[in-house]
Chemist: 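The structure under discussion is supplied below as structure tokens; questions concerning it will follow.
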Amino acid sequence: QEQLVESGGGLVQAGDSLRLSCAASRGTITMYSMGWFRQAPGKERDFVATIDSSGDSALYANSVKGRFTISRDNAKNTVYLQMNSLKREDTAVYYCAAGKIDGLLREPSGYRNWGQGTQVTVSS
């Protein structure tokens with residue numbers, strides 16, 4: 001399995017932007033969809049965004065649509081999440097995950113490998 005490592009989280013103020021990265025090693029993610037999920041304290045792990053293997057198609061949770069953009073650079077074996085206009089309710093640990101298939105899935109069960117997560121905290 002690929003080793004997935006998220007980075008780019010931090011403490012920001014509402015309205016700021018962050019770009020999260022998920023780099024894969026010990027394998028390749030080029031043939032699989034990739035997803036971003038987040039989990040806030042006391043809440044379940046929620047879907048954020050997913051992108052197909054080529055980067056041609058993407059799907060977003062309603063709560064982030066228009067503010068977040070998922071992208072990937074297969075040559076770098078990396079997927080990104082650009083987060084703009086951050087809100088306090090975006091505060092969570094963000095996880096990237098490799099899909100079981102090349103499909104746009106919202107459920108965690110559709111993903112086979114997960115990173116350790118990176119903390120995003122938005123203050124206001």
Chemist: Can you name the residues that form a side chain to side chain donor-acceptor pair (under 3.5 Å) with Ser63, not counting sequence neighbours?
Modeler: Arg38

Chemist: Looking at OG1 of Thr78 and CE of Met34, how far apart are the two atoms once the value is rounded to the nearest 0.5 Å?
Modeler: 9.0 Å

Chemist: With a 4.5 Å cut-off on side-chain heavy-atom distances among I, L, V, M, F, W and Y, is there a chain of contacts connecting Leu86 to Val93?
Modeler: no

Chemist: For residues 14-25, run the donor-acceptor check on the side chains, cut-off 3.5 Å, and write out each pair with its distance to 0.1 Å, sequence neighbours left out.
Modeler:
from	atom 1	to	atom 2	distance (Å)
Asp16	OD2	Gln13	N	3.2
Ser17	OG	Asn84	OD1	2.9
Ser25	OG	Gln3	OE1	3.2

Chemist: Could you tell me if the side chain of Val120 sits less than 4.5 Å from the side chain of Thr91, heavy atoms only?
Modeler: no

Chemist: Only counting residues at least two apart or in another chain, list the ones meeting side chain to side chain donor-acceptor pair (under 3.5 Å) with Asp56.
Modeler: Ser54

Chemist: Should Val5 and Trp36 be counted in the same cluster of Ile, Leu, Val, Met, Phe, Trp and Tyr side chains packed under 4.5 Å apart?
Modeler: no

Chemist: To the closest 0.5 Å, what do you measure between OH (Tyr80) and CD1 (Ile70)?
Modeler: 12.0 Å

Chemist: So, does Thr30 use its side chain to make a donor-acceptor pair with the main chain of Ser53 at under 3.5 Å?
Modeler: no

Chemist: With rounding to the nearest 0.5 Å, note down the distance linking OG1 in Thr118 to CG in Leu81.
Modeler: 11.0 Å

Chemist: Going by the ring pair (Phe, Tyr, Trp, His ring centres under 6.0 Å) test, which pairs reach into residues 6-28, not counting sequence neighbours?
Modeler: none

Chemist: Given the rule that I, L, V, M, F, W and Y join up when any side-chain heavy atoms are under 4.5 Å apart, are Met83 and Val12 in one cluster?
Modeler: yes

Chemist: Do Gln119 and Thr121 meet the criterion of a side-chain donor-acceptor pair at a distance under 3.5 Å?
Modeler: yes

Chemist: How long is the span from the CZ atom in Arg45 to the OH atom in Tyr95, to the nearest 0.5 Å?
Modeler: 4.5 Å

Chemist: Which pairs pass disulfide bond (SG atoms under 2.5 Å apart) with one or both residues in residues 27-89, sequence neighbours excluded?
Modeler: none

Chemist: State which residues pass salt bridge (Lys or Arg N to Asp or Glu O under 4.0 Å) with Arg112; sequence neighbours excluded, sorted by chain then number.
Modeler: Glu2

Chemist: Could you check Ile29 against Leu4 for side-chain contact (heavy atoms from CB on, under 4.5 Å), going step by step and ending with a plain yes or no?
Modeler: CA-CA 10 Å; Ile29 62 171; Leu4 304 177; 4.2 Å; yes

Chemist: Does anything in residues 93-110 pair up under salt bridge (charged side-chain N to carboxylate O under 4.0 Å, His left out), and if so which pairs, sequence neighbours excluded?
Modeler: none

Chemist: Name all pairs fulfilling the ring pair (Phe, Tyr, Trp, His ring centres under 6.0 Å) condition that reach into residues 42-68, sequence neighbours left out, sorted by first residue then second.
Modeler: Phe37-Phe47

Chemist: For Leu104 and Asp52: C-alpha separation, side-chain torsions, deciding distance, then whether side-chain contact (heavy atoms from CB on, under 4.5 Å) applies.
Modeler: CA-CA 6 Å; Leu104 303 180; Asp52 70 355; 4.1 Å; yes

Chemist: Atom CD of residue position Gln116 - does it have more than 12 heavy atoms of other residues, nucleotides or ligands inside 6.0 Å?
Modeler: no

Chemist: Any pair with a residue in residues 61-72 that passes salt bridge (charged side-chain N to carboxylate O under 4.0 Å, His left out), sequence neighbours left out, goes on the list, sorted by first then second residue, please.
Modeler: Arg67-Asp90

Chemist: How long is the straight-line distance from NZ of Lys76 back to CG of Asn74, given to the nearest 0.5 Å?
Modeler: 12.0 Å

Chemist: Who passes side chain to side chain donor-acceptor pair (under 3.5 Å) against Ser57, sequence neighbours left out?
Modeler: none

Chemist: Clusters formed by hydrophobic residues whose side-chain heavy atoms approach within less than 4.5 Å: which one holds Met31, and what are its other members?
Modeler: Tyr32

Chemist: Atom CD1 in Ile51, atom CG in Leu59: separation rounded to 0.5 Å?
Modeler: 11.0 Å

Chemist: Checking Thr50 now: which residues fulfil side chain to side chain donor-acceptor pair (under 3.5 Å) with it, not counting sequence neighbours?
Modeler: Tyr111

